[in-house]
Amino acid sequence: MKQSYFPQEIEKKWQKIWEESGAFKTSDDSEKPKYYALSMFPYPSGKLHMGHVRNYTITDVIARFKKAQGYNVLHPMGWDSFGLPAENAAMKHGADPETWTDENIAYMTKQLKMLGLSYDWDREVTTCKPDYYKWTQWLFLQLYKKGLAYKKEAAVNWCENCATVLANEQVIDGKCWRCDGEVEKKYLSQWFLKITDYADVLLKDLDKLKGWGDNVKIMQENWIGKSHGAIIKFKVKEIEGLEVPVYTTRPDTVYGITYLVVAPEYKDIEKLTTPENKAKVEEYRANARKMSEIERLSTDRVKTGVPLGTHCINPFNGEEFPLWTADYALVEYGTGAVMAVPTHDTRDFDFAKKYNLPMKVVIENPSNPSDCKNEAYTEPGILVNSGEFNGMKNDDAKKAITEKAVKEGYGEFKTQYRLRDWLISRQRYWGAPIPVVYCDKCGIVPVDEKDLPVMLPKDVDFSVVGKSPITTSKTFAQTTCPHCGGPARRETDTMDTFVCSSWYYLRYSDAKNSEKPFDRNLANKWLPVDQYVGGIEHAILHLLYSRFFTKALRDLGLLDFDEPFKNLLTQGMVLKDGSKMSKSKGNTVDPDEIFENYGADTARLFILSDSPPARDFDWSDAGVEGCYKFLNRVWRLVASNADDISLDYSLDYPLKKDNDDLVRIVHMAIKGITNDISNDFQFNTVISKYRELTNAIYDWQGKKTNPDNEDKNVLSFAVIALLKLMSPVAVHLTEEAWHELGAKGSIHDEAWLEWDENLAKASSITLVVQVNGKVKDKIEVDEGFSQDELKEVALNSPKIKELTEGKNIVKVIVVPKKLVNIVIK
RNA sequence: GCUCCAGUGGCGGAAUCGGUAGACGCGUUGGACUUAAAAUCCAAUUGGGUGAAUAGCUCAGUGCCAGUUCAAGUCUGGCCUGGAGCACCA
């Protein structure tokens, strides 16, 4: 065995052998229990970055660990390969997005293989290929038939830079999630998926997801944004038969209404405007339209509005109050109209102050029944100035007042969600075409399933600006109606890429099926994903959409389960010098360089070593160096002792004291490492335990000048255990060493080691003796000592005797096998 | 503003149940080997006090202030700082 470690040589050699022997193929038929380990698949942007390396290494180690524990593991990989960057690259370089994408996939595949990841490449899924997007389209049609996909004219988010619309989830701080460009509102007819039908179950089922972090669940909960309240309808005084309904979560404050606000886009706003106010209202509305999302949504902005001139009547007390329009009312939420109670709502308060609108206190602060001159009182209290409800607690009044409104016919209980339907139309080329046609006679007609896929056209001009390249095709749009056979027009919008990624995890279960998206039995067998690993940035987008898809497909009868991901690990970012690695900051580290200089095993070891997976990881060159040195140290340990190590060692008890100690250290390492992986995948402590074990073997060995047979057996036991424990991480080094020691099969087919509970502890224990809670002495004691014996040992220690001399011993607390605390006065 | 998370040496971090704070590593310092270097190995490394001492002893110490307890990094209450998400959602 070579005395030096040459990772580049070893790694290439084994990658080739594993590939040729099909070492990582997964069989659908196995007696073993299944385990599905999945990383979020990447967008093929060109090259792997360290975030990918971290993500895939984590999942790979999990997959290998579970395989060693006796599971039949599914660990696939694929490409989320539709999307705008390919199209932008095409515009820039004149290449076809497909060519650009294929090249990137080829390069990144090579890199993934260099990392030594245990993927079953036979199940590779690529969303931009017709054999995949055919089924994306098919699934769209199923949703359409069920009424879960529909087209409507709506105010949508438009990114001028990307020349396309965006889903609500893709607008971050009023800007485009991808290009950071400002987002404006446009009125367009677009395709939506009815995710709001599932709002309640998406919220409720978060409780089922015991294996998800609370942070992600809370983010989804907030995004869905369920609230309970009431709809109350107000008659308009000036216009017979016209009502303005409002949604409120504070029906207890209805007696305090002093005005009512509708959004500038409110549907009846023109009817509600008197001729005298028309000019001003028109001007205000035009301004609101022009304003960008960011300006409009800024909470620091002073609220503005104009009166419409008409009035509403409060059905509870007959009071009249004016109608205004103001852009702090949102047309998309609730009814688009708000009842204003300045005394008990901070926004209404600001507005009323500015425009000198009246205020009326209806909830009294029990601890300070002062007025509401300086700020709104929004805490619980007792109703006043509220007719028959005076004296009631406001929480009770919510229900009582709504009940009155229901009984008298001008109100109802209402649950409201913040979640809006998912806008999936994109005015771009590089996506799955939405499979519908428009016929003058028949209207919207879905494409026949037998005619799928609707293929992307090739005759397009990517240099066009301001419209989708797909519209430049001479052949694509023109078609015939599947219904009447007459001339018809194809939909030229493509689907949001998040539609493609909402079901890819199902396709892996049956990646080559050409008859359907997946076989129901195979999907039911492999899913849900046992461990999903990916970035927190998908907490809402991808993870919410995928949950919705799974539930919808379950309701379509395609699946028997309704949550796709049983356990979710959201890994932290990879930082360098305290900030996120990015090209613009120039602090990126190229994985290729690391592979070349240190090998993949070093990269894998290091990326897992310093931080727990969920936390951010700070990349340091010195840290890489340290891991490389450690692997060298392990290699030398094996190489320099190769002659003394035998694969068929046997341990004959009783062992010499120092040998017994080392055997115990190994058992403790097996136990500790197994528990650390099982318990939230704490790989950083796993790796520190590799080092401890290695150090212990070196220490032990340093004392052996003339090893006898027993020593050699113990050494074999320890070194082989170290290799097996390290095999999920240092996949190449351990395999090479394993074979150098004479093994025939792969170390990756070996079963995970078991530990003996009796041996996984030191032969004696150190008793800590405290006086008044402070450590004063440590005494080696026999493990079997009773509590009384421990107490006696502690009290008889010379040090303790000295300290307790002449003092009154109030109490002695004995923690078995650990500690004695003596309380003195 | 609301919601959530996190604060431990020079640094990354460790510490199942409340029970030896600082595992393991990085860095730093000193030493061994070497003509020299690299590599490797050994030792020290929370701060203060006392001390010739790298011996011993001693005090303080896990963001701050209280509390519960024989015992608090860990539990409770209140604050401070940093990060993330949502943000005029009525």
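Labels below follow one simple rule: chain letters A, B, ... track the order of the sequence lines, proteins then strands, and each chain is numbered from 1. Just so it is clear, the values below take in all heavy atoms, side chains as well, and ignore hydrogens, waters and symmetry mates.
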Measure the distance from [atom1] on [X] to [atom2] on [N] and round it to the nearest whole Å.
X: A:Met339; N: B:C88; atom1: CE; atom2: P; result: 20 Å
X: A:Asp680; N: B:U16; atom1: CG; atom2: P; result: 13 Å
X: A:Leu637; N: B:A39; atom1: CG; atom2: C1'; result: 17 Å
X: A:Glu221; N: B:A84; atom1: CD; atom2: P; result: 22 Å
X: A:Phe617; N: B:A6; atom1: CZ; atom2: C1'; result: 19 Å
X: A:Glu375; N: B:G1; atom1: CD; atom2: P; result: 12 Å
X: A:Phe683; N: B:G12; atom1: CZ; atom2: C1'; result: 18 Å
X: A:Leu575; N: B:G12; atom1: CG; atom2: C1'; result: 11 Å

Anti or syn - B:C59, cut at 90° from 0:
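It is anti.
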Taking syn as within 90° of 0 and anti otherwise, name the glycosidic form of B:G9.
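It is syn.
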Under a 3.5 Å threshold, yes or no: a donor from one side chain and an acceptor from the other, between [X] and [Y]?
X: A:Tyr417; Y: A:Ser227; result: no
X: A:Thr685; Y: A:Asp676; result: yes
X: A:Glu243; Y: A:Tyr410; result: no
X: A:Asp777; Y: A:Ser797; result: yes

Looking at A:Phe630, I'd like to know if the NZ or CZ of A:Arg691 sits under 6.0 Å from its six-membered ring centre while staying within 45 degrees of the ring's axis.
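Output yes; distance and angle both within limits.
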Does the structure place the NZ or CZ of A:Arg633 under 6.0 Å from the centre of the six-membered ring of A:Tyr698, at an angle of no more than 45° from the ring's axis?
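The answer is yes, since A:Arg633 meets both limits relative to A:Tyr698.
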Who pairs with [N] - Watson-Crick or G-U, where each distance is under 3.5 Å:
N: B:U69; answer: none
N: B:G51; answer: none
N: B:A37; answer: none
N: B:C17; answer: none
N: B:C2; answer: B:G85
N: B:A60; answer: B:U46
N: B:G10; answer: B:C26

Could you pull out all residues at least two apart from A:Phe351 that satisfy ring-ring contact (aromatic ring centres under 6.0 Å, His included)?
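Expected list: A:Tyr259, A:Trp324, A:Tyr328, A:Tyr355.
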Please work out if [X] contacts a base, only the sugar-phosphate, or nothing of the nucleic acid, heavy-atom cut-off 4.0 Å.
X: A:Gln682; answer: sugar-phosphate
X: A:Val823; answer: sugar-phosphate
X: A:Val815; answer: base
X: A:Gln770; answer: base
X: A:Leu819; answer: base

Given the [atom1] atoms of [N] and [M], what is the spacing between them in whole Å?
N: B:A43; M: B:G49; atom1: C1'; value: 25 Å
N: B:U54; M: B:G48; atom1: P; value: 13 Å
N: B:A23; M: B:C11; atom1: P; value: 15 Å
N: B:G22; M: B:C79; atom1: P; value: 33 Å
N: B:U81; M: B:C65; atom1: P; value: 16 Å
N: B:C64; M: B:G7; atom1: P; value: 13 Å
N: B:C33; M: B:C42; atom1: P; value: 15 Å
N: B:C4; M: B:G9; atom1: P; value: 27 Å

Distance below 4.0 Å between [X] side-chain N/O and [N] OP1 or OP2:
X: A:Lys774; N: B:A60; value: yes
X: A:Arg615; N: B:A14; value: yes
X: A:Arg636; N: B:C41; value: yes
X: A:Asn684; N: B:A14; value: yes
X: A:Arg633; N: B:C41; value: yes

Under the side chain to side chain donor-acceptor pair (under 3.5 Å) test against A:Thr766, which residue among A:Lys778, A:Glu780, A:Lys818, A:Lys817 passes?
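Exactly one candidate clears the test, A:Glu780.
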First of A:Thr249 and A:Lys818 reached from the 5' end of RNA chain B, by closest nucleotide
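It is A:Lys818 whose nearest nucleotide is closer to the 5' end.
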5' precedence on RNA chain B between A:Ser227 and A:Asn679 (nearest-nucleotide basis):
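Its nucleotide being nearer the 5' end, the pick is A:Asn679.
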Please determine, for the side chain of [X], which listed nucleotide ([options]) has the closest atom?
X: A:Ile813; options: B:G13, B:G19, B:A90; value: B:G19
X: A:Lys778; options: B:A14, B:U20, B:C88; value: B:U20
X: A:Tyr333; options: B:U40, B:G27, B:A90; value: B:A90
X: A:Pro612; options: B:A14, B:U20, B:C26; value: B:A14
X: A:Lys799; options: B:A21, B:C88, B:C57; value: B:C57

So for A:Lys811 and B:C70, does any side-chain atom that can act as donor or acceptor lie under 3.5 Å from a complementary atom in the base?
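Between B:C70 and A:Lys811, which were checked side chain against base, a qualifying N/O pair under 3.5 Å is absent.
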Do the side chain of A:Asn222 and the base of B:C86 come within less than 3.5 angstrom through a donor-acceptor pair of N or O atoms?
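Checked by distance alone, the answer is no.
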Enumerate the residues from residues 687-697 of chain A whose closest heavy atom to RNA chain B is under 4.0 Å, giving them by residue number; use none for an empty result.
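Those residues are A:Ser688, A:Arg691, A:Glu692, A:Asn695.
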Would you call A:Lys226 and A:Glu221 a salt bridge, taking side-chain N to carboxylate O under 4.0 Å as the test?
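Answer for the salt bridge query: no.
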Please assess A:His344 against A:Val341 for the test side chain to side chain contact (heavy atoms under 4.5 Å, CB included), listing each intermediate value before the final yes or no.
CA-CA 6 Å; A:His344 305 298; A:Val341 185; 3.9 Å; yes
May I ask you to decide if the ring planes of A:Tyr628 and A:Tyr598 are parallel, tilted or perpendicular, using 30° and 60° as cut-offs?
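Aromatic pair A:Tyr628/A:Tyr598 classed perpendicular.
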